[in-house]
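To start, the structure under review is shown below, and the notes come after it.
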Amino acid sequence: DTIKIAYIDPLSGPFAPVGQNILNSYQYIADKANADKWAGEHKFEVVGFDNKGSTQESLNVLKTVIDKGFRYITQGNGSGVGLALLDAVNKHNERNPGKEIIYLNHAAVDPDMTNSKCSYWHFRFDSNSDMKMEALTTFMAADKNIKKVYIIGQNYSFGQQVTRAAKEYLARKRPDIQIVGDDLHPIGQVKDFSPYVAKIKASGADTVITGNWGADLALLIKSAKDADLKANFYTYYAATTGVPTAMGAAGVDRVKYVGYWNPNNETFSGKDIVEGFKNKYKDDYYAIATYSVIAAMSQAVKQAKSIEPAKVAVALEGLNFKSLNGDDMMRKVDHQIQQPLYIATWVKTNGKDVKFDQENTGMGWKTNQKIDSFVASQPSSCQMKRPG
Amino acid sequence: MEFTLITLLNGVSYGLLLFMLSSGLTLIFSMMGVLNFAHASFYMLGAYFAYAISVKIGFWPALVLAPLVVGFLGAMVERYGLRSVHKYGHIPELLFTFGLSYVIVELVQLIWGRSTVPYPIPAALDGPLFTLYTTTFPMYRGFMMLVALLMLASIYLLLTRTRIGLVIQAALTHPDTVEALGHNVPRVFMLVFGGGCALAGLAGVVGGNAFVTEPGMAATLGSIIFVVVVVGGMGSLAGAFVASLLIGVLQTFAVALDYSFVSLFSVFGMSITASAPGYSLLSLTIAQVAPILPYLLLVLILIFRPRGLLGTREG
Amino acid sequence: MSKPLVFKPINIARWLIWSGFAILLIVTPLIFSSGGSLSLLSQIGTVMIFGLSFNMLLGQGGMLSFGHAVYSGLGAFFAIHAMNLIAAGSMVFPITLIPLIGGIAGMCFGILFGYVTTKKSGTTFSMITLGMVELVFACSLMFPSFFGGEGGISTNRVIGQSFLGITYGPQIQVYYLIAFWLFISTIGMYAFTQTPLGRMVNAVRDNPERVEFVGYDTQWVRYLTLILSAFFAGIAGGLSAINFEIVTAENVSAVRSGAVLLFTFIGGVGFFFGPLIGAVIGVFLTVMLSDLTKAWQLYLGVFFILIVMYTPGGIASIIMMNLRVAKFGMFKRVWPAMWKLVLAGAFTTFGIIIGVEMLYQRTLEATQSSIINLFGVTVDTASHTAWLVTLVIIAVGIFACSRLKGGFSRHWGDVNTEIEEQMRRAQA
Amino acid sequence: MSLLTIKNLNAFYGKSHVLHGVDMHVNPGEIVSLLGRNGVGRSTTVKATMGQVDATGSIMFKGEEIIGLKAFQIAHRGLGYVPENRDIFPSLTVEQNLMLGEKSGRDKNSKPRWSMEDMYQMFPRLRERRNTQAGVMSGGEQQMLTLCRTLMGDPDLIMIDEPTEGLAPKIVELVAEYLKELKNRGISVLLVEQKLAIALEISQRVYVMGHGSIVFEGSPADLRANENIRKEWLEV
Amino acid sequence: MSGFSLELKEVRKSFGSAEIIRGATLQVPKGERFAIIGPNGAGKSTLFNLISGRFPITSGDILLNGESISGLKPYEINRRGLSRSFQITNIFHRLSVYENLRCAVLWSLGYKYSFWHRLGGLKDAHERAEAVLEQIGLKRRRNITAGLLTYAEQRALEIGITIAGGADVILLDEPTAGMSRSESDAAVELIRKVTVGKTLLMVEHDMSVVFGLADKIAVVVYGEVIACDTPANIRNNQKVKDAYLGGHAPAEVE
Ligand SMILES: Nc1ncnc2c1ncn2[C@@H]1O[C@H](COP(=O)(O)OP(=O)(O)OP(=O)(O)O)[C@@H](O)[C@H]1O
Ligand SMILES: Nc1ncnc2c1ncn2[C@@H]1O[C@H](COP(=O)(O)OP(=O)(O)OP(=O)(O)O)[C@@H](O)[C@H]1O
Ligand SMILES: CC(C)C[C@H](N)C(=O)O
Ligand SMILES: [Mg+2]
Ligand SMILES: [Mg+2]
């Protein structure tokens, strides 16, 4: 049978580049899975639906795809949308027993989704922002040069979570570090970050932590370069589409990211996918959550011997599977993936440990540290209502 | 001190970019009465053309060619689109440009894709212009300011030294009569619209690499330039200039100020706790309300001075 | 002889139209009964109310508002907070009447904001409304407890006891709730056009200065109209809160305000029922089309531009023109030329759509594959023949159109001249 | 040879046929009046000549066919037009209005017959209000302004539509004087007038129009003598 | 209380630095028909604008039925029983002729801003509008959009809107401008008919209309009322002749 997954993310508007890249990634992996029979005789089909970046539109799309017979949806670009979908999926499943759908979350990382708002029908294949912050601060704690930190983020659920976690965790791990300022700016609207940079500079910060992504990150880093801000950037999303190009040489040695993968990892695992993807789409493969989703789903349907969501959900809970970053596990209590995390720095490619460049800039990510699953693991407050 | 000066400079240079955009809009709006909703789209076209040209033959030719191409496109839009809508009045004209903005974004994505294009600052202008205390002021920002000022001067000369402005204003209300007096009104309209678009294109050439050239760049700047035009006074170029600087500086400073009513009260020795009524309102910092300031200014201006800062006529 | 307007206690035609409307509302979901079309219909219903209320301002009062979503959006927020209060047990109120809460909230904000905006008219009015909507929208991020920040406020409409089996869980029940309110609101807004205030706002649209000299304060006329319009907008907002079970800041955005402007204009501002047509087309274009094709924005933009350029009266005016021709029994005369032109037009559109889809496949999806499935035919966008065929189709279509256009417009012109002549004679 | 010759002119507003074959001509240096009741199509004739109304037929000006040309092209050939509803440009000042009367791209060397100064001499009132916005001027002042504005374009034939409407009797006389003065300076005048007395006093020939075509042509004296025509086409 | 319907006391009005009305004083007794004549730009229309509240006065006072109306808004003045027409036609061009008139009567019949009455059910408004329609001779054009009327018909409608509300002080600004002889004769008849028992103030350049209608003529020159007298006296007033009438006799040559 065909497992039809509806990909509900922005395919038009300002966030389309990221949305399109991840859709391509999904389809590339699905093709691969189908060719290599990951799920036995079952096939995957990932169909893109444009939610125009809007919460309300996502709910419309959800209704449409349900109507079209999709039983699996996946979404990730924007925790705001994610929370709304989560809610809608819950309601749908409650009102339509026997016709349940599953929400495969590939990137919406607001911790609430696996804590206070956790749901049986939601599985997150990205580490949540607290986990990433845990990893990041662990890495930072070792760096004695860090004295003054400035936090800047987009003003929405994810950005707010990053700010909160950064303050909390740094206070715990390095009470001597001073938080010299924090800012939340409107998402996707700021064109000129120089005032923020001036502020950061005036604060005397040597380190900046930011959850910004897309143009918001690119512009921030560019402004920092223009004003000759000599601070290091610890980011979440410097590897996503568009940022490397905008960042260029300006970010070398100064920008780091925390994420679930780096193409320049110790064994270059996923090498063939990166190359094959680049050949096919002239673009970089970085969203390995797509790989994790398809791999986990393949294993789950085989285990469940059915593609029926109600059964697959049971199989997915607590599932151990292999992804490009190693051995991963879908934790049963909150449906939050447990996986290793990477911290990497933006440097010139050198053909040795930094083979793959990004967006043809001649620069790529050098792995600083791989952090094991358990380090970043977080307790969950989830009280999951399971059907039946 | 360093902070204040740098922020002021940043504000002024941002304001001048706004002016480059709004001057074209003002020109079109005041002369033809058309609220060109697609204006920011022409700005985007300017950036993309500049990118395409600079990849082939370099930045300096692009600086000249891209605005010309955009201006030509604008003139064509006027000739084959707006002109036939003109007779129905201003609302359909406005809506026409509104629809156009949709189409332009799509076409841009069709040609250049949905992601950011690498449109770099030319090497000759890359680098610091001067250093103020410890902060460097980029040369390119200086260049932007220079272009904006040159533009202001040349528009001013064009409008005061020629009769074109009069013809257009008159043609706004009585096109037939102006034509009967021997003026080729349609051509003048076409030139004005093309010219206005070319100005937006020029802003795109210098703004596109200062910031980012991507399909969303039009949408983000779209509404702020309307604020500028209205606050300055519809049809007043000087007004647009003042308003651009005002809004540029206002926005730049606002994001930098973390003061709220709570901090104000604490100056007077009163401390307000989170449990106080209206705390969420009182604790909003100026930086947090920064996004609404331009619009607040717009609404206040329209209520108390509907003509705008330097405008001469209402509506 | 002119026939003087006499007061007929029962106007048969009007009764027929209203009952027809009611029956249509009842029957439609029985025909389009799938879940997707039901939610589409529900959405259309709310947009219809919203559009009609917007047209109270634009069509009847000449007030071009860029910020009408403020009223529907704030109405929606109040409605959803009310629902959450009900769910929490701190309030008792039937869900059926929730739209009323939205309406009243919309009206209150109409009273508040309208006082400022309606002080001015014309472009100044438009600009203040633009500023107002941006202001409210920007505020939405500053007051997350009310607006719910980026993610909005969500609710569950299935609350309280079920009444006669109505829980509003199933979409069909929500549809009928919307249909009910649509019917009531339409009657209400139509009735408004037939009241002294409704007529005076027409007068204000035409010539505000003169209105002042027949005893009316134009500002009050505009203000009161805006308040009423905001009330209906709020009802639409309340309904959308029930329908989507979520309200986000987008509901109070300029984008939403712009959308209702587009839809209403496409439908036709000059006619009371224009927004109804506009809602159907608008929802179809933005919701359905984006599922079918990547190029939906291009189609939307181009379609809209064509409407603005060639039929600024909107779809309603096309319908009315044809009806008039039919009424005078001259449809037969235009029909032969018309169907040919329509056919040629459809053919050209067909060609252009193929071209556009192929182009999109080639540039944006090039990495996927060059194969595309169009109208059930597989086309390879990399092959020259495919492009050649497409271009030939377009060229033939355009050629045919330009050949047929002359004949059609001649017939059309003749017929309309004759009709006007007949009407003039009837007058004289 | 006549300066302006109109043959078989048919004109339309959209689809409504207003002029049904108008034939008339104006000779150099002559004042010709076009009379008729309200709504017979006198203004339409003038507008059609100026290219502002769709028309068929033939209009020869200085021996050249001008039908189908654009209004500004016609104006450049030396035809001036003063519209009946005083289309002054309300937001511009009086002086700017006059400036717009001058044609763009006119030959710099040839000296125009009229200067702004002449205009101010003719109507001192305009000088007094030269920097006022034209839109707030009194009805009569606006009428003076439109006339002067067209003269600034230095036409060889000027078509004036109801120049005396709303003017005080004294000014009406003045206008009549100036029309004669125009003629003395070699400019031909086609006058559309409601006030019969004036028209008959200053013009050399008159046309009477009825239902979209010319029903009478002759000298003022002929018209005075022809009671039937006057009864049927001019009075009620 | 004075017996005057309308009284101007030393009214002045400046636009910027230009003083247009320089101390105009005028008293119009109840029920009389006044004509105002004067050269172009003398300030006649401006005077109307001041009286009807379109512009605020700079100094002086205007009394309507003995009460000061200076500083009031046009609609407030209208509600006190003063109605005016415009020199440049000012009608509701997208409404039908009938609707134009109905709009004009609504306030005076007390419907105000009602949105709870059904227009179709307002018998009195209907009858008033129909009556005025009859008076101004546009019955046959009842359902035509006003913008499509001919110029003369629009002028008639302009008068119709002015009188429809039943105001007892009526200001007409060049009601016959642009009309032919016969039409203006008809207009004079109409005005005479509808202003019976009312106070009329009218600006006109057409001397036959002025002398045919007016009980008294006020002459305005340079923003001042230089004379106000019966037609016969005005005709022979040298000052008026110099300033306004010129060589021509008041009645047209025809
Ligand atoms: N824009 C228009 N659209 C349709 N019909 C028009 C238009 N302008 C004029 N008409 C009609 O054309 C006819 C002739 O109008 P025209 O203005 O030429 O008359 P006229 O002789 O100048 O009369 P008047 O004394 O009113 O100026 C009239 O019946 C009028 O109603
Ligand atoms: N708003 C204004 N601003 C400046 N000047 C004005 C304004 N309104 C009128 N005027 C001036 O006041 C003078 C009187 O104008 P008004 O319209 O009252 O004249 P009038 O007596 O009605 O003349 P006519 O008989 O020509 O209509 C004119 O010179 C005019 O330019
Ligand atoms: C795609 C990601 C950048 C989205 C972001 N992590 C969020 O949760 O909102
Ligand atoms: Mg005429
Ligand atoms: Mg006047």
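Residue numbering restarts at 1 for every chain, and letters A, B, ... go by the order of the sequence lines.
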Are any non-hydrogen side-chain atoms of B/D176 and D/D87 less than 4.5 angstrom apart?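 No, their side chains stay 4.5 Å or more apart.
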Residue pair D/L100, B/V167: steps toward the side chain to side chain contact (heavy atoms under 4.5 Å, CB included) verdict: CA-CA 7 Å; D/L100 277 183; B/V167 172; 3.5 Å; yes
If you compare all heavy atoms of D/A75 against all heavy atoms of B/A180, which two are closest, and at what distance to 0.1 Å?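 For D/A75 and B/A180, the tightest heavy-atom pair comes out as CB-O, 3.2 Å.
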Flag the one option from D/M99, D/M50, D/K70 with the top tally of heavy-atom pairs under 4.5 Å to chain B.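 Looking at each of D/M99, D/M50, D/K70 in turn, D/M99 comes out on top.
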Give a yes or no answer on whether the side chain of B/H174 reaches the backbone of D/F89 with a donor-acceptor pair at less than 3.5 Å.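 Absent.
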Distance (rounded to the nearest 0.5 Å) between B/E179 CD and D/F72 CZ: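 Going from the CD atom of B/E179 to the CZ atom of D/F72 covers 6.0 Å.
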Rounded to the nearest 0.5 Å, what's the gap from CD on D/Q52 to OG1 on B/T177? Could you check?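 So the CD of D/Q52 and the OG1 of B/T177 are separated by 6.5 Å.
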Atom group of D/R149 that falls short of 4.5 Å from chain B, counting heavy atoms: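 Both parts, backbone and side chain.
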Check whether D/L92 gets within reach of chain B through its side chain, its backbone, both or neither, counting any heavy atom under 4.5 Å.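 Looking at D/L92, just its side chain touches chain B.
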Answer yes or no: does atom NZ of D/K180 have more than 12 heavy-atom neighbours from other residues, nucleotides or ligands under 6.0 Å?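 Yes, the 6.0 Å shell around NZ holds more than 12 heavy atoms from other groups.
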